[in-house]
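Below is one structure, written out as structure tokens; the observations come after it.
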Amino acid sequence: MAEPERSRVRLSMVGLVCISLFASLLVRLWYLQLVDQNEYQVRARGFNLRVVHEEGTRGRILDRNGKVLVDNKVINIVNIDRQPLLKLVKGLSAAKSRVVLSKEFDRLAEILTSFNSPTKA
């Protein structure tokens, strides 16, 4: 065999290998996206992403002598949804609604105190 003919055969073999690799890649992509898409959609829905926003702790502010001017303090904030309370006292007289609300606030104070959060009177 002549040298140019050998190089042509080698080049065609390399081209054939490249074409077969790309063809197998395309067949696999076709299979994943068209034939087996339902299974992968179910799997994708199974992955959940939960975003939790956390505030970074603020640093202490010190004066030039190292004395703390401002420090971090953890506080608890309690919000009350008014709608259930309004439904609770709907149709009651003013005196009865005050009694019901007072009992509810006392119950809330007991719950907060059980979590080591003293309440003000």
Side-chain angles (χ1 to χ4, degrees):
M1 256 192 204
E3 187 63 35
E5 190 176 324
R6 276 188 180 177
S7 61
R8 188 179 311 159
V9 170
R10 287 181 186 166
L11 186 61
S12 63
M13 291 298 267
V14 169
L16 186 63
V17 168
C18 288
I19 289 173
S20 64
L21 288 176
F22 277 113
S24 64
L25 179 65
L26 289 174
V27 167
R28 180 67 178 159
L29 288 174
W30 171 79
Y31 177 77
L32 289 176
Q33 291 195 357
L34 297 178
V35 176
D36 211 16
Q37 72 179 3
N38 292 333
E39 178 186 342
Y40 290 107
Q41 284 178 351
V42 169
R43 279 190 192 178
R45 287 187 193 116
F47 298 122
N48 291 326
L49 179 65
R50 189 179 85 166
V51 177
V52 177
H53 296 284
E54 285 189 21
E55 293 287 330
T57 57
R58 306 284 302 221
R60 290 179 162 182
I61 299 176
L62 308 174
D63 67 358
R64 64 180 175 181
N65 298 322
K67 182 181 172 187
V68 177
L69 297 176
V70 179
D71 202 358
N72 296 324
K73 182 179 178 183
V74 177
I75 60 170
N76 295 322
I77 299 174
V78 178
N79 292 325
I80 298 175
D81 187 9
R82 295 181 188 176
Q83 294 302 322
L85 291 176
L86 292 175
K87 289 178 183 177
L88 190 63
V89 296
K90 186 176 181 181
L92 296 178
S93 66
K96 285 185 180 181
S97 64
R98 274 189 235 117
V99 170
V100 170
L101 289 176
S102 177
K103 287 181 183 178
E104 286 297 314
F105 287 129
D106 288 341
R107 190 173 66 87
L108 176 63
E110 287 176 14
I111 292 171
L112 290 175
T113 304
S114 71
F115 289 112
N116 294 327
S117 297
T119 57
K120 296 179 182 177

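Excluded from the calculations below are hydrogen atoms, water molecules and symmetry mates; all remaining heavy atoms, backbone and side chain alike, are included. These figures come from a predicted structure and were not determined experimentally.
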Enumerate, atom names and distances included, each donor-acceptor pair closer than 3.5 Å involving a side-chain atom of residues 60-70, sequence neighbours excluded.
from	atom 1	to	atom 2	distance (Å)
Arg60	NE	Asp71	OD1	3.0
Arg60	NH2	Asp71	OD2	3.4
Asp63	OD1	Asn65	N	3.1
Asp63	OD1	Gly66	N	3.1
Asp63	OD1	Lys67	N	2.7

Show me, pair by pair, the donor-acceptor contacts under 3.5 angstrom made by side chains of residues 24-33, not counting sequence neighbours?
from	atom 1	to	atom 2	distance (Å)
Ser24	OG	Ser20	O	3.4
Ser24	OG	Leu21	O	2.8

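The two residues Ser12 and Val9 make their nearest non-hydrogen contact at OG-O, 2.7 Å.
Glu39 is linked by a side-chain hydrogen bond (donor to acceptor under 3.5 Å, both in side chains) to Arg43, counting only residues two or more places apart in sequence or in another chain. Listed by chain and residue number, Glu104 satisfy the side-chain hydrogen bond (donor to acceptor under 3.5 Å, both in side chains) test with Arg107 (two or more places apart in sequence, or in another chain).
Hydrophobic clustering places Leu88 together with Leu101 (ILVMFWY residues linked when any side-chain heavy atoms are closer than 4.5 Å, directly or through intermediates). Connection of Val99 to Leu108 is not established within any shared hydrophobic cluster, with ILVMFWY side chains joined at heavy-atom distances below 4.5 Å, either directly or through further cluster members.
For the side-chain hydrogen bond (donor to acceptor under 3.5 Å, both in side chains) condition, no pair includes a residue of residues 85-100, sequence neighbours left out.
Connectivity analysis of hydrophobic side chains (ILVMFWY, heavy atoms under 4.5 Å, direct or indirect) links Leu86 to nothing; its cluster partners are none.
Proximity of Gln41 to Asn38: side-chain heavy atoms (C-beta onward) are separated by under 4.5 Å at one or more points. The closest side-chain heavy-atom distance from Asp106 to Ser102 is below 4.5 Å.
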